[in-house]
Amino acid sequence: MKKTALLISCGTYDDPRLHPLPSSVPDCARFADLLERPNLGGFQVSVVNDATLVTVQRKLHDTLAQAEADDLVLVYLSSHGLKDMFGRFYLALPETDLSALPATALSGRYIREQINDTSARKLVIVLDSCFSGAFGRELVAKAVSLLDGTPDELTEGTGHAILAASSPIQYALEDGSGSAPTSVFTRAICDGIATGAADLDSDGWISLSDLFEYSSKEVSERYPLQTPQMSCFGLDRDLKLLRAPSAPATYSEFDIDIEEAAKSIHPELRIAAATVLGKIAHSQNRDRAASALRKLRKIRNDYHPEVKEMIEYEIARAPKKPRRKVSIQSANDKKVHSSRWLEVGTEQLSRAGQAAAHFVNTSPDFEVLNYVHFVACDGGLTIWATDRYRLDVWDIAAVDRGDDFSVSIAGSDVYSLKAFPKNSTTRIEVGEVFTEFECKEKLLSMHSAHFDKLINYRALIKDNFSAQLHVARAPFLDALERSISATKARSNAVAFDLGRAGLDVLEISFVDDGTVMESVPVEYVGDRIRLAYNPNFVVSALSSFSSKSIKVNITQPDKPALITADDEPQHRHLLMPVRLTR
């Protein structure tokens, strides 16, 4: 079975009576990217933006005519939905003249004919347009006709389903309240796919009914003026469309009192919940901090003005993920043509670079610590960064390579690597002044440095250990987070007591107190040992891993502990302890 998707969007129009739709083309691009990803949709995707009537008709005809009986075909249409005086449906294109719809717009009749003529028995049409309704504040309606009625032309035939943005008497809306307008309906669909939230039955697949039910609920809750509709004609509602992305691990749940306070009828308690969530959003545990920020955004539309103001305040002051700083260029802008190059998988490169960049030291006194270091040798690429107290190391296998190199790039620039598509490879080419990262004709040209002498980090990683513990990462993080929250001594070292009284537990306390705050079960091998660390450093180190469990290898109490994970053999983290005695 072949999976084919045709996405048609139009956002600009010659007729001044048709207002522009700035979200149409970007929304189409985002949907296309999700459908094309091998781990999600795996569709063969074609995109037609702001094209002529003849071009759109020909592409629609070719896509459906070439489809075979067992193929799955998805057609996405995003533009103004129009009706003439006889109630016939049209989709607006750049050349559309409202005075001559049959001659200048894509007609529902033509779409129906192509549906009837195709051999494909599984056809899904996603229609992000509308037919009538009323304007909402900060929302732009994607229609100009005030005539009632649905596109009856598309209700004929068999073997197809229609996901429509709105009911027959409503507008489909664009949210223009932000800096980047977006279609309410398409955003809900894309968010559901990208996050996996649309997999309502948690079977690993996003079916037709899953996608509709999720997007319908999201749109209706946010904008009651719009109610998406779905109609099936000889097609199963549970047709599997895409694989659901792996659900992100839940590293921490909020205490029940926070959840109850957030839902309380008393605004004072909801304000308190927002304040607590705001504090959690500043946690060094990036997973827990991100969960708190998501929770704040979910409850930001509180009806009470004081509660809403507090939530918006906490969202505004919460740390945000670093954004891309380096501008994307085309491959034609290459400045570097060097024999020092290497090619690696983009997903590994991006993740390693972003994780390591969290551990750079921005102090002006130690310039070398401001950089993430890339070293190509022994058939692979090593990426590492340190702030003298932590060392994060990643080893990535090379797909292809040239001469060896060692180059350093400012940590703030390395975050830009996440702009590349993950399902590809990236070529790193090193010059004297610039290092270029090239992926799918996109180029990031970063200023780079070459240091004569770098830290010999390999000498710090020992092979022999006096003790080793194996612990579930999420419970460990949660216990540590609760311990930090429960004490006022946030700046004091946290102590880990291992193997006390022969028990397979890790006891958490603070150096200046000694009271055991939490206990976490572990698999422990070796002599009893007590260690102390900066608590924020431990949380940050654990958060750099994504595995369910980690290993901590200990040489001596005053030597760096080596943190690894069986599921991430390419990732190692060294953490320097704090002295327990002076």
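The figures here come from the full heavy-atom set of this structure, side chains too, leaving out hydrogens, waters and symmetry mates. In this chain, residues are counted from 1 in sequence order.
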Residues in side chain to side chain donor-acceptor pair (under 3.5 Å) contact with Ser408, at least two apart in sequence or another chain: His373
Residues forming a side chain to side chain donor-acceptor pair (under 3.5 Å) with Asp395, sequence neighbours excluded: Thr382, Arg572
Pair Glu113 + Arg109: basic N to acidic O under 4.0 Å: yes
Asp567 with Lys548: basic N within carboxylate O range, under 4.0 Å: no
For [X] versus [Y], what's the shortest heavy-atom pair and its separation?
| X | Y | result |
| --- | --- | --- |
| Ile115 | Leu64 | N-CD1, 4.1 Å |
| Leu91 | Ala105 | O-CB, 3.5 Å |
| Arg243 | Asn39 | CB-O, 3.6 Å |
| Leu342 | Gly380 | CD1-O, 3.8 Å |
| Glu568 | Ser546 | OE2-N, 2.7 Å |
| Glu314 | Arg317 | OE1-NH1, 3.0 Å |

Side-chain donor or acceptor of Glu429 paired with backbone N/O of Ser338 under 3.5 Å: yes
Exam field: side chain Lys442 to backbone Ser330, donor-acceptor pair closer than 3.5 Å: no
Please check if any side-chain donor atom of [X] sits under 3.5 Å from a side-chain acceptor atom of [Y], or the reverse.
| X | Y | value |
| --- | --- | --- |
| Thr55 | Thr52 | yes |
| Asp15 | Thr96 | no |
| Ser448 | Thr435 | yes |
| Ser424 | Thr346 | no |
| Ser350 | Gln354 | yes |

Set of residues satisfying ring pair (Phe, Tyr, Trp, His ring centres under 6.0 Å) with respect to Phe434, sequence neighbours excluded: His447
The single option from Thr4, Leu7, Val47 passing side-chain contact (heavy atoms from CB on, under 4.5 Å) against Leu35: Leu7
Quiz item: cation-pi between Lys3 and Phe43, 6.0 Å / 45°: yes
Residue pairs passing the salt bridge (charged side-chain N to carboxylate O under 4.0 Å, His left out) test where at least one lies in residues 29-38, sequence neighbours excluded: Arg30-Asp191, Asp33-Arg37
Residue pairs, two or more places apart or on separate chains, that pass salt bridge (charged side-chain N to carboxylate O under 4.0 Å, His left out) and touch residues 54-67: Arg58-Asp62
Set of salt bridge (Lys or Arg N to Asp or Glu O under 4.0 Å) partners for Glu95, sequence neighbours left out: none
Trace of the side chain to side chain contact (heavy atoms under 4.5 Å, CB included) decision for Tyr90 with Asp84: CA-CA 8 Å; Tyr90 297 90; Asp84 63 15; 3.4 Å; yes
Min side-chain heavy-atom separation Leu40-Ile206 under 4.5 Å: no
Phe185 and Ile189, any side-chain heavy atoms less than 4.5 Å apart: yes
Residue pair Glu68, Ser119: steps toward the side-chain hydrogen bond (donor to acceptor under 3.5 Å, both in side chains) verdict: CA-CA 5 Å; Glu68 298 179 357; Ser119 299; over 6 Å; no
Criterion side-chain hydrogen bond (donor to acceptor under 3.5 Å, both in side chains) on Tyr76 and Ser9, from CA distance to verdict: CA-CA 8 Å; Tyr76 170 81; Ser9 69; over 6 Å; no
